[in-house]
Visitor: 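Sharing a structure, written as structure tokens. Questions coming.
Residue indices begin at 1 and follow the sequence shown. For clarity, every value in this text was computed on a predicted model and none was experimentally measured.
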Amino acid sequence: MSVAPRCRVIVDNDFGGDPDGLFQLAHHVLSPSSEVVQVISTRVPDHMVAPGRDIVAEGVEAADEVLALTGSGLRCQAGSRETIDAPTASVSAVTRAIVAEAMRDDVDTPLFYAAGAGLTELAAALRHEPRIAERLTLVWIGGNAYDHPADDVEFNASADLTAARIVFGSAVPIWQVPESVYSQCLVSWAELDQDIAPSGALGSYLVDRWREFTGHIEQLFGASLGECAVLGDSPLVLLTALRGTFRAEPSSSPSRLLPRRVPEADGSYGAPGADLPPVRVFTGVDMRLMYADLVAKLRAHARTDGALLRSL
């Protein structure tokens, strides 16, 4: 069945970090109802980067591998290596591309900014052109739960806390999947090995990246990570591409509207902002739909790729 795009998506993720973003990228590109228009490799928190490594460049390389394996003509762009409040921060080509896409008047499909890491690039675009706040919706994997004690900063928020404060202090609509919810997106290694690894070159690549990452982390910390992996960025696909039929809503995943509260320096949330729109906070994810659709699309893509190779 032919499916027309119902939305445009800018994908922003730390593809050089844990590989769940690569699963999300492949899934998004293989989903015909979402037109991926821009892919950005972004930074991770400074304390996670070993000296001499360029995580952003590594992410560009990994994302481009995935894009090539999907057959997409897209290429990944390198985001900023620095936080938005760095002295050398400037208006980049990525910033200009985000603004240009948001300000398009030749399309009527809604634009989602699907972010699975920090919010540096979106904050920079909002600073450069505040009018984009009315022309896109942020779907963000990040932030602590709203009842979380103020004892740490969630990983994605910590990548650029100033950027998170800028975005939450703006009028941009926000759909948020906090850590308490994205940590629910567990799949077992038995499932990955049975369902995804055999799904052609793309499925094999994705599982190999997870296995390599897991081995590195286990060696680094000298502890087992168990028999599950977390596909914590995949709700970005669920909430944009896999929405309802008659009403284009992410109706299979529960959410609630909460007063918007700008994050504080300790990772807690400040007082509700009287002049700010509420945040749609997801309290659960439809794992059945999200994972089953990923597996089905990877298998279908593998069959198509195999048929193409046999015809050459």
Visitor: Hey, are the side chains of W189 and T214 touching, using non-hydrogen atoms and a 4.5 Å cut-off?
Guide: yes
Visitor: Other than L161, what residues sit in its cluster of Ile, Leu, Val, Met, Phe, Trp and Tyr side chains whose heavy atoms are under 4.5 Å apart, directly or through others?
Guide: V153
Visitor: Do you know the tightest heavy-atom contact between E82 and R43?
Guide: C-NE, 3.5 Å
Visitor: Let's go through M287 and C185 carefully: what are the C-alpha distance in whole Å and the side-chain angles of both, what is the deciding distance for side-chain contact (heavy atoms from CB on, under 4.5 Å) to 0.1 Å, and is it a yes or a no?
Guide: CA-CA 7 Å; M287 277 295 294; C185 300; 3.8 Å; yes
Visitor: May I ask you to check whether S34 and S31 show a side-chain donor-acceptor distance below 3.5 Å?
Guide: no
Visitor: Looking only at heavy atoms, which two atoms of I141 and P235 are closest? And how far apart?
Guide: CD1-CB, 3.9 Å
Visitor: Would you check, one step at a time, whether the test side-chain contact (heavy atoms from CB on, under 4.5 Å) holds for E218 with S224?
Guide: CA-CA 6 Å; E218 289 186 337; S224 170; 3.7 Å; yes
Visitor: Decide yes or no for E154 and P178: does some side-chain heavy atom of the first lie under 4.5 Å from some side-chain heavy atom of the second?
Guide: no
Visitor: Answer with yes or no whether the side chains of D286 and S252 bring together a donor and an acceptor at under 3.5 Å.
Guide: yes
Visitor: Around E264, counting heavy atoms of other residues, nucleotides and ligands shown, do more than 12 lie under 6.0 Å from its CD?
Guide: yes
Visitor: Can you list the steps and then say if E249 with R280 is a salt bridge (charged side-chain N to carboxylate O under 4.0 Å, His left out)?
Guide: CA-CA 12 Å; E249 281 286 305; R280 183 175 189 174; 2.8 Å; yes
Visitor: What distance separates R165 CZ from D85 CG, expressed to the nearest 0.5 Å?
Guide: 11.0 Å
Visitor: So do the side chains of C7 and E35 get within less than 4.5 Å of each other, counting heavy atoms only?
Guide: no
Visitor: Can you measure from CZ (F282) to OG (S253) and round to the nearest 0.5 angstrom?
Guide: 6.5 Å
Visitor: To the nearest 0.5 Å, tell me how far S268 OG sits from D147 CG.
Guide: 12.5 Å
Visitor: Under a 3.5 Å distance rule, please check whether R261 uses its side chain to pair with a backbone N or O of G270 as donor and acceptor.
Guide: yes
Visitor: If we check side chain to side chain contact (heavy atoms under 4.5 Å, CB included) with L294, which of these qualifies: V237, L206, V187, L231?
Guide: L231
Visitor: Answer whether the closest heavy-atom distance between the side chains of V177 and L239 falls below 4.5 Å.
Guide: yes
Visitor: Which of these passes side chain to side chain contact (heavy atoms under 4.5 Å, CB included) with E129: I98, T95, V99?
Guide: V99
Visitor: When clusters are formed by joining ILVMFWY residues with side-chain heavy atoms under 4.5 Å apart, either directly or through shared neighbours, do M103 and V107 land in the same one?
Guide: no
Visitor: Any donor and acceptor pair, going by atom type alone, linking the side chain of S204 with main-chain N or O of A201 inside 3.5 Å?
Guide: no
Visitor: What closest approach, in Å, do S80 and T120 show between heavy atoms, and which atom pair accounts for it?
Guide: CB-CG2, 4.3 Å
Visitor: Taking S72 for the side chain and A68 for the main chain, is one N or O donor matched with an acceptor at less than 3.5 Å?
Guide: no
Visitor: Could you tell me whether the side chain of R211 reaches within less than 4.5 Å of the side chain of D193, counting heavy atoms only?
Guide: yes
Visitor: Could you walk me through whether V167 and V172 pass the side-chain contact (heavy atoms from CB on, under 4.5 Å) test, one step at a time?
Guide: CA-CA 7 Å; V167 173; V172 65; 3.8 Å; yes
Visitor: Would you say R6 and S33 are linked by a side-chain donor-acceptor pair, where the criterion is simply a distance under 3.5 Å?
Guide: no
Visitor: Is the shortest side-chain heavy-atom distance between P278 and L258 below 4.5 Å?
Guide: no
Visitor: Are I132 and V11 linked, directly or through intermediate hydrophobic residues, by side-chain heavy-atom contacts shorter than 4.5 Å (ILVMFWY only)?
Guide: no
Visitor: With clusters defined by side-chain heavy atoms of hydrophobic residues (ILVMFWY) lying less than 4.5 Å apart, directly or transitively, does V281 cluster with L257?
Guide: no
Visitor: Treating Ile, Leu, Val, Met, Phe, Trp and Tyr as nodes and any side-chain heavy-atom pair under 4.5 angstrom as an edge, say whether V139 and L22 lie in one connected cluster.
Guide: yes
Visitor: Quick check for you: to the nearest 0.5 Å, what is the distance between H27 atom NE2 and S234 atom OG?
Guide: 7.0 Å
Visitor: Verify the cluster assignment for L186 and V181: are they in a single hydrophobic cluster under the rule of side-chain heavy atoms below 4.5 Å apart?
Guide: no
Visitor: Using side-chain contact (heavy atoms from CB on, under 4.5 Å), reason through W210 and V207 one step at a time and then give a plain yes or no.
Guide: CA-CA 5 Å; W210 251 123; V207 174; 5.5 Å; no
Visitor: Please assess R81 against D54 for the test salt bridge (charged side-chain N to carboxylate O under 4.0 Å, His left out), listing each intermediate value before the final yes or no.
Guide: CA-CA 8 Å; R81 274 90 171 164; D54 187 341; 2.9 Å; yes
Visitor: Which heavy-atom pair separates D233 from Q24 by the least distance, and what is that distance?
Guide: O-CG, 3.4 Å
Visitor: Taking the side chain as C-beta and beyond, is there a heavy-atom pair between L30 and L202 under 4.5 Å?
Guide: yes
Visitor: Using a distance-only test with no angle check, is there a side-chain donor-acceptor pair under 3.5 angstrom linking Q38 and Q77?
Guide: yes
Visitor: Side chains of N144 and Y269: is there a donor and an acceptor less than 3.5 Å apart?
Guide: no
Visitor: Does the side chain of N13 come within less than 4.5 Å of I40's, by heavy atoms?
Guide: no
Visitor: Does E191 use its side chain to pair, donor to acceptor, with the backbone of S188 at less than 3.5 Å?
Guide: yes
Visitor: Are there more than 12 heavy atoms of other residues, nucleotides or ligands under 6.0 Å from atom CG of D108?
Guide: no
Visitor: Partners of T240 by side chain to side chain donor-acceptor pair (under 3.5 Å), sequence neighbours excluded?
Guide: H28
Visitor: For the residue pair S41 and C76, what are the closest heavy atoms and their distance?
Guide: N-SG, 3.4 Å
Visitor: Rounded to the nearest 0.5 Å, how far does CZ of F15 lie from CG of D20?
Guide: 10.0 Å
Visitor: Tell me, with the steps shown, if D293 and R288 meet salt bridge (charged side-chain N to carboxylate O under 4.0 Å, His left out).
Guide: CA-CA 8 Å; D293 186 72; R288 188 217 63 81; over 6 Å; no
Visitor: From D14 CG over to E58 CD, what is the distance, rounded to the nearest 0.5 angstrom?
Guide: 12.0 Å
Visitor: Show me the side-chain donor-acceptor pairs of residues 111-119 shorter than 3.5 Å, one per line, residues at least two apart or across chains.
Guide:
residue	atom	partner	partner atom	Å
Y113	OH	D12	OD2	2.6

Visitor: Could you walk me through whether Y182 and W140 pass ring pair (Phe, Tyr, Trp, His ring centres under 6.0 Å), step by step?
Guide: CA-CA 10 Å; Y182 71 70; W140 186 41; 9.1 Å; no
Visitor: Where do R135 and R131 come nearest, in terms of heavy atoms and distance?
Guide: CG-O, 3.8 Å
Visitor: For R104, I'd like to know if atom CZ has over 12 heavy atoms of other residues, nucleotides or ligands within 6.0 Å.
Guide: yes
